[in-house]
Student: 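What follows is a structure written as structure tokens; I'll ask about it next.
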Amino acid sequence: MAEVAVDDGRTGTGFTWTPQAGAGAVLALLEQDCADAVLGLPAHPETVWDVMWAGVHEAGSGGVTTLAMAAVDTALWDLRASAAGHSLADELGRRRNAVPVYGSGVNLHYSLPELVAQAERWKAKGYRAVKVKVGHPDPATDLTRLLAVREVIGPEVSLMIDANQRWDLLRAKHALRTLAPCDPCWIEEPLLSDDLAGHTRLRRELGVPVAVGENIRTLHGFRQWLDAGACDVVQPNVARVGGVTPFRRIAELAALHSVPVYPHLLPELSGQLACALPLPSMVEEVEDASFGALGLLRDKGPVTVEAGELRTVGRPGLGLEFAFDRLDEVAR
């Protein structure tokens, strides 16, 4: 978490996020270089982001640098929207009042009955799309699991699959041909996330829509993928790319390529961003992984999810009231 204060006493609260590695390095960069770069600047998120980037990117063009910058940037957007009495979605320029939600889960290790039960929960919540992990040594195992999910959700619900970088090009081709009867809406990260040429070739040769972006960290990186025609959907993570400011720039760039943006994780913030995106979007709801589900918020948060749709509740700023007194307990 980060708090940004201005001369008149107003403050904004931001955050960054990494599931495991690098938290100490991010904190050190945030407390030292990021703070030194922005002290005394006007509290304008885009101005601050550009100055901060110029000061810290020699430590790396992405990774700990953009993760640290995200904490400052989200705090500044919280401050700006709160000062105007707007929610983040309205401050960014709301384009829609509701966004479809798709069910998602870290479920590769689930037994078949557990996976089916999860699909039944998704169906009961009214999700219009769901996403299942794939990547078992034998693609026939994935096929059995996906067909079981398809039977539960029915033909009208979109089914996406996510390989989490588990395949090389040869195995990806074999697996995707095996899984074709499931009619996947997209394959997410079938290859290593840095393999631009491989994804381009796979998309061209098999014709299966490709989703990437959770591990692309900069606007320049997204430009390379979009210019290469390597993807059909991009999925920037607002923390990993450096905050709301670069997220907006990525979204505008993607719109120029007619590629939709489906934000990665963090539905309490991603849902607000999705309401202001140039192209229609969906929001990922990973089961038991939102800020609220993890017990990190004091209340229900700035969005609601009902009947498969996410709506904002209109709170000023980011609308996130973190339970700071419970953070250590949750982390354990």
Student: Could you report the tightest heavy-atom contact between A70 and T16, atom names first, then the distance?
Tutor: CB-OG1, 4.0 Å
Student: Shortest non-hydrogen contact from S61 to T66?
Tutor: O-CG2, 4.0 Å
Student: Is a side-chain N or O of R240 found less than 3.5 angstrom from the main chain of E214, in a donor-acceptor match?
Tutor: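 The answer is yes, because a donor-acceptor pair under 3.5 Å joins these two groups.
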Student: Treating R96 as the side-chain partner and S281 as the backbone partner, does any N or O pair qualify as donor plus acceptor under 3.5 Å?
Tutor: no
Student: Measure from the side-chain N and O atoms of E3 to the backbone N and O of T13, and report whether any donor-acceptor pair falls under 3.5 Å.
Tutor: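 Not confirmed, E3 side chain does not pair with T13 backbone.
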Student: Does any non-hydrogen side-chain atom of V286 lie less than 4.5 Å from one of S104?
Tutor: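 Side chain of S104 against side chain of V286, heavy atoms only: contact under 4.5 Å found.
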Student: Strictly distance-based, threshold 3.5 Å: is any side-chain N or O of D78 a donor or acceptor partner for the main-chain N or O of L318?
Tutor: yes
Student: Can E156 and K123 be counted as an ion pair, charged N to O under 4.0 angstrom?
Tutor: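 Yes, charged N to carboxylate O under 4.0 Å.
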Student: What closest approach, in Å, do D73 and V244 show between heavy atoms, and which atom pair accounts for it?
Tutor: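 D73 and V244 have their closest heavy atoms at OD2-N, 2.7 Å.
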Student: Going through the checks in order, is the side-chain contact (heavy atoms from CB on, under 4.5 Å) test met by D227 and H257?
Tutor: CA-CA 8 Å; D227 285 348; H257 289 78; 2.9 Å; yes
Student: Answer yes if V149 and L176 sit in the same cluster of Ile, Leu, Val, Met, Phe, Trp and Tyr residues linked by side chain heavy atoms under 4.5 Å apart, and no otherwise.
Tutor: yes
Student: Roughly how far apart are L219 CG and L226 CG, rounded to 0.5 Å?
Tutor: 9.5 Å
Student: Backbone N or O of Q118 within a donor-acceptor pair of the E287 side chain at under 3.5 Å?
Tutor: no
Student: I'd like to know if R171 pairs up with D142 as an ion pair, taking the criterion as any Lys NZ or Arg NE/NH1/NH2 lying under 4.0 Å from an Asp or Glu carboxylate oxygen.
Tutor: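 No.
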Student: Would you say N107's side chain and V132's backbone share a donor-acceptor pair under 3.5 angstrom?
Tutor: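 Absent.
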Student: Side-chain heavy atoms nearer than 4.5 Å, only ILVMFWY residues, links allowed to pass through others: does that put L92 and F15 together?
Tutor: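 Cluster IDs for L92 and F15 match.
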Student: Can you name the closest pair of heavy atoms from L310 and P267 and give their distance?
Tutor: CD1-O, 3.8 Å
Student: With under 30° as parallel and over 60° as perpendicular, where do the rings of H264 and W17 fit, or are they tilted in between?
Tutor: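 The arrangement is perpendicular - the two ring planes meet at more than 60°.
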Student: Is atom CG of D8 surrounded by more than 12 heavy atoms (other residues, nucleotides or ligands) closer than 6.0 Å?
Tutor: yes
Student: Under a 3.5 Å cutoff, is there a donor and acceptor pairing between the side chains of Q272 and T312?
Tutor: no
Student: To the nearest 0.5 Å, tell me how far I216 CD1 sits from L196 CG.
Tutor: 8.5 Å
Student: Could you tell me if the side chain of R80 sits less than 4.5 Å from the side chain of H44, heavy atoms only?
Tutor: yes
Student: Using a strict cut-off of less than 4.0 Å between a Lys/Arg side-chain nitrogen and an Asp/Glu carboxylate oxygen, indicate whether D299 and R315 qualify as a salt bridge.
Tutor: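 Looking at D299 and R315, the cut-off is met.
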Student: Within the distance-only criterion (no hydrogens, no angle test), does the side chain of T144 pair as donor or acceptor with the backbone N or O of A140 below 3.5 angstrom?
Tutor: yes
Student: Aromatic rings Y262 and W186: how do their planes relate, parallel, tilted or perpendicular, breaks at 30° and 60°?
Tutor: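 Taking W186 first and then Y262, their aromatic rings sit tilted (interplane angle of 30° to 60°).
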Student: May I ask you to test the L297-E321 pair for a side-chain heavy-atom distance under 4.5 Å?
Tutor: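 No, their side chains stay 4.5 Å or more apart.
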Student: State, with a plain yes or no, whether a side-chain heavy atom of M69 is found less than 4.5 Å away from one of H57.
Tutor: no
Student: Is the backbone N or O of V210 less than 3.5 Å from a side-chain atom of D232, with the two atoms forming a donor-acceptor pair by type?
Tutor: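 Yes, D232 side chain to V210 backbone: donor-acceptor pair under 3.5 Å.
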Student: Please determine whether side-chain contact (heavy atoms from CB on, under 4.5 Å) holds for the pair V234 and W225, giving the CA-CA distance in whole Å, both sets of side-chain angles, and the decisive distance to 0.1 Å.
Tutor: CA-CA 9 Å; V234 292; W225 283 75; 5.9 Å; no
Student: Can you check whether V261 reaches P236 side chain to side chain, under 4.5 Å on heavy atoms?
Tutor: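 Result yes, sub-4.5 Å side-chain heavy-atom pair found.
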Student: Transitively linked via ILVMFWY side-chain contacts under 4.5 Å: L27 with M52?
Tutor: no
Student: Report yes or no: do V303 and Y127 belong to one cluster of Ile/Leu/Val/Met/Phe/Trp/Tyr joined by side chain heavy-atom distances under 4.5 Å?
Tutor: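 Yes, because V303 and Y127 connect within a single hydrophobic cluster, where side-chain heavy atoms sit under 4.5 Å apart.
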Student: Would the distance check show the side chain of T65 and the main-chain N or O of V56 forming a donor-acceptor pair, the cut-off being under 3.5 Å?
Tutor: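 Side chain of T65 to backbone of V56: no pair is present.
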Student: Around atom CD of E114, are there more than 12 heavy atoms from other residues, nucleotides or ligands closer than 6.0 Å?
Tutor: yes
Student: Check whether any side-chain heavy atom of F222 lies under 4.5 Å from a side-chain heavy atom of R249, and answer yes or no.
Tutor: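 F222 does not reach R249 side chain to side chain.
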Student: Could you tell me if the side chain of C182 sits less than 4.5 Å from the side chain of L143, heavy atoms only?
Tutor: yes
Student: Of all the heavy-atom pairs spanning A68 and L30, show the shortest one and how long it is.
Tutor: O-CD1, 3.5 Å
Student: Is the centre of the F247 ring less than 6.0 Å from the centre of the W77 ring?
Tutor: no
Student: For a quick test of reading the model, state the closest non-hydrogen atom pair linking W122 to G105 and the distance between them.
Tutor: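 Looks like CZ2-N, 3.9 Å.
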Student: With a 6.0 Å cut-off (strictly less than), is the heavy-atom count around CD of E151, excluding the residue itself, greater than 12?
Tutor: no
Student: Roughly how far, to the nearest 0.5 Å, is CH2 of W49 from CG of L41?
Tutor: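 It comes to 14.0 Å.
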Student: Would you sort out whether K173 and R201 count as a side-chain contact (heavy atoms from CB on, under 4.5 Å), showing the intermediate values?
Tutor: CA-CA 10 Å; K173 289 181 178 180; R201 183 175 170 185; 3.7 Å; yes
Student: Between D138 and T141, does the side-chain hydrogen bond (donor to acceptor under 3.5 Å, both in side chains) criterion hold? Intermediate values first, please.
Tutor: CA-CA 6 Å; D138 183 356; T141 301; 4.6 Å; no
Student: Atom CE in M282, atom CE in M160: separation rounded to 0.5 Å?
Tutor: 4.0 Å
Student: Does one hydrophobic cluster hold both L266 and L320, with members joined at side-chain heavy-atom distances below 4.5 Å?
Tutor: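 Yes: a chain of side-chain contacts under 4.5 Å links L266 to L320.
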Student: Passes side-chain contact (heavy atoms from CB on, under 4.5 Å), E285 versus K125? Steps please.
Tutor: CA-CA 11 Å; E285 177 74 74; K125 291 181 178 180; 5.9 Å; no
Student: Considering residues, nucleotides and ligands other than L256, do more than 12 of their heavy atoms fall under 6.0 Å from its CG?
Tutor: yes
Student: Measuring only between side-chain heavy atoms, which start at C-beta, is W53 closer than 4.5 Å to T245?
Tutor: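 Sidechains of T245 and W53: no contact.
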Student: Could you give the distance from CG (N164) to CG (L108), rounded to the nearest 0.5 Å?
Tutor: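 Rounded to the nearest 0.5 Å, the CG-CG separation comes to 8.0 Å.
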Student: Would a distance-only check, ignoring hydrogens and angles, find a side-chain to backbone donor-acceptor pair under 3.5 Å from R128 to G308?
Tutor: no
Student: Measuring from R248:CZ to L277:CG, what's the distance to the nearest 0.5 Å?
Tutor: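 So the CZ of R248 and the CG of L277 are separated by 10.5 Å.
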